[in-house]
2 protein chains.
Amino acid sequence: MARFKGQAEYSVDAKGRVAIPAKMRAALSPDAQQTFTLTKGFEQCIYVYPLDEWRIQEDKLARLNSYDRESRLLVRMMLMWAEEISLDGQGRVSVPRTLSDYAGLKDRALIIGAIDRIEIWDPVVFEDYLAGASSNPEELAERVMGSGP
Amino acid sequence: MARFKGQAEYSVDAKGRVAIPAKMRAALSPDAQQTFTLTKGFEQCIYVYPLDEWRIQEDKLARLNSYDRESRLLVRMMLMWAEEISLDGQGRVSVPRTLSDYAGLKDRALIIGAIDRIEIWDPVVFEDYLAGASSNPEELAERVMGSGP
DNA sequence: TGTATGGTGGGGAAATGTGGGGAATACTCC
DNA sequence: GGAGTATTCCCCACATTTCCCCACCATACA
């Protein structure tokens with residue numbers, strides 16, 4: 001299982017390409033085959049799953065019953081944004097227009113490692129997100145993880 | 001098994017032809033032989049099954065008890081609209097009039113991948129469908145998939 | 001100071017979506 | 001039943017986008 005961490009701020013070029021940090025590329029399993037699935041993330045960002053991690057998500061959706069109304073809705077909402085993208089020779093992904101619009105990407109992108117996926121944010125959007133959260137790491141950790149050792 | 005995902009908005013030309021996105025064509029198994037079965041979908045859209053996936057759906061219907069009134073009704077409703085269509089040289093399907101009327105297709109079509117099938121929507125109809133759902137993916141995922149890891 | 005690594009930018013070839021013409025087929029109305 | 005009309009299918013042509021490759025520059029490291 002991949003374990004992505006760290007952050008980097010890179011440029012978004014005129015063709016909508018964003019580099020994946022070399023450190024994170026190094027963390028890829030061979031099964032991932034230099035291929036990612038980009039999709040809409042919770043909050044205003046783009047999720048970037050390596051091929052093998054994405055398969056896990058997709059399998060969950062595939063097991064749903066397509067004769068159930070809410071299952072159909074979920075499959076549509078989750079999959080319509082997903083797109084499979086391979087790295088180019090320079091280790092970049094080209095971000096589809098629909099996703100870059102959603103995330104509000106302009107000329108710079110903030111890349112964040114998040115365990116089993118990578119996230120792409122517009123730097124300003126991310127700053128606002130943190131500001132809006134208005135909670136310091138200490139308090140948040142207590143609430144989420146519990147206060148035990 | 002095919003794994004369709006992603007979205008694309010294409011034009012519906014004067015002859016009622018709609019292109020199938022190249023990415024989705026690439027996901028076809030060789031068994032599908034560039035042939036699809038189009039039929040009326042749940043909610044106001046058109047289902048597009050590759051040949052091999054359609055066989056699976058048909059088998060499900062075949063296994064139903066034909067002495068059951070509701071089973072007979074379901075079989076009729078599913079099959080009466082089904083039509084086998086091959087791609088033309090440019091990777092397009094020509095949508096039968098009855099189905100395009102049902103889906104409310106005009107000059108633009110939204111194509112979305114949904115695991116084992118492709119769906120064709122009128123962009124406005126789809127927008128209304130999502131708006132009517134009044135539920136965000138986060139909540140829905142929790143309800144449908146369960147909140148477990 | 002030379003070398004390897006990593007990010008940035010751009011040019012050209014191939015692929016993809018779009019529109020239309022014309023032959024073959026089916027359909028309808030007289 | 002036949003002529004006219006509409007529809008379907010197959011092919012070609014064009015414009016745009018995408019993809020792949022190469023070159024450049026900056027930084028880190030030895």
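Values below: all heavy atoms of this structure, side chains included; hydrogens, waters and symmetry mates excluded.
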**Q.** Salt-bridge contact A:Arg117-A:Glu119 (side-chain N to carboxylate O under 4.0 Å)
**A.** yes
Q) Looking only at atom types and distance, does a side-chain atom of A:Ser66 sit under 3.5 Å from a main-chain N or O of A:Arg72, one as donor and one as acceptor? A) no
Q.
Quick check against the 3.5 Å criterion: does A:Arg92 have a side-chain atom that pairs as donor or acceptor with the backbone of A:Leu87?
A. no
Q) Quick one: A:Ile111 CD1 to C:dG6 P, roughly how many Å, whole number? A) 16 Å
Q.
Side chain of A:Ala22, heavy atoms from C-beta onward: which of D:dC19, C:dT8, C:dG6 has the nearest atom to it?
A. C:dG6
**Q.** Distance in angstrom units between B:Asp107 CG and C:dG17 P, rounded
**A.** 18 Å
Q.
Base of C:dG7, side chain of A:Arg17 - is there a donor-acceptor contact under 3.5 Å?
A. no
Q) Of the candidate nucleotides C:dG19, C:dG9, C:dG17, which contains the atom at the shortest distance from the side chain of A:Ser11? A) C:dG9
Q) How many Å lie between CZ on A:Arg97 and C1' on D:dT18, as a whole number? A) 12 Å
Q) Whole Å only: how far is the CD atom of B:Glu83 from the P atom of D:dT8? A) 9 Å
Q. So, B:Tyr129 versus B:Trp121, ring centres under 6.0 angstrom or not?
A. yes
(Q) From OH of B:Tyr10 over to C1' of D:dA15, roughly how many Å is that when rounded to an integer? (A) 15 Å
Q | 5' priority, DNA chain C, between A:Ala14 and B:Gly91 [closest heavy atom] | A | A:Ala14
Q.
Heavy atoms from C-beta onward define the side chain here; which of C:dT16, D:dC9, C:dT8 lies closest to that of A:Gln90?
A. C:dT8
Q.
Can you see if the side chain of B:Arg92 gets near the phosphate of D:dC11 - specifically, an N or O under 4.0 Å from OP1 or OP2?
A. no
(Q) Is there a side-chain contact between A:Tyr49 and A:Gln57 in this structure, where contact means two heavy atoms from C-beta onward sitting under 4.5 Å apart? (A) yes
Q. Does a distance-only test, which skips hydrogens and angles, find a donor-acceptor pair under 3.5 Å between the side chain of B:Lys15 and the base of C:dG21?
A. yes
Q | Integer-rounded Å distance: C:dT8 P and A:Ile20 CD1 | A | 12 Å
Q: State whether B:Asp88 and B:Lys15 are salt-bridged, where the test is any N-O pair (Lys NZ or Arg NE/NH1/NH2 against Asp/Glu carboxylate O) under 4.0 Å.
A: no
(Q) Mind checking if A:Arg25 touches a base, just sugar-phosphate, or nothing, with heavy atoms under 4.0 Å? (A) sugar-phosphate
Q) Applying side chain to side chain donor-acceptor pair (under 3.5 Å), which residue pairs with at least one partner in residues 99-113 of chain A are found, sequence neighbours left out? A) none
Q) Within this structure, what is the NZ-to-C1' distance between B:Lys23 and C:dT16, rounded to whole angstrom? A) 11 Å
**Q.** Watson-Crick or G-U stems involving DNA chain C, each at least 3 pairs long, distances under 3.5 Å, ordered by first number
**A.** C:1-30 with D:1-30
Q: Would you mind reading off the distance between A:Asp88 atom CG and D:dA23 atom C1', rounded to a whole angstrom?
A: 14 Å
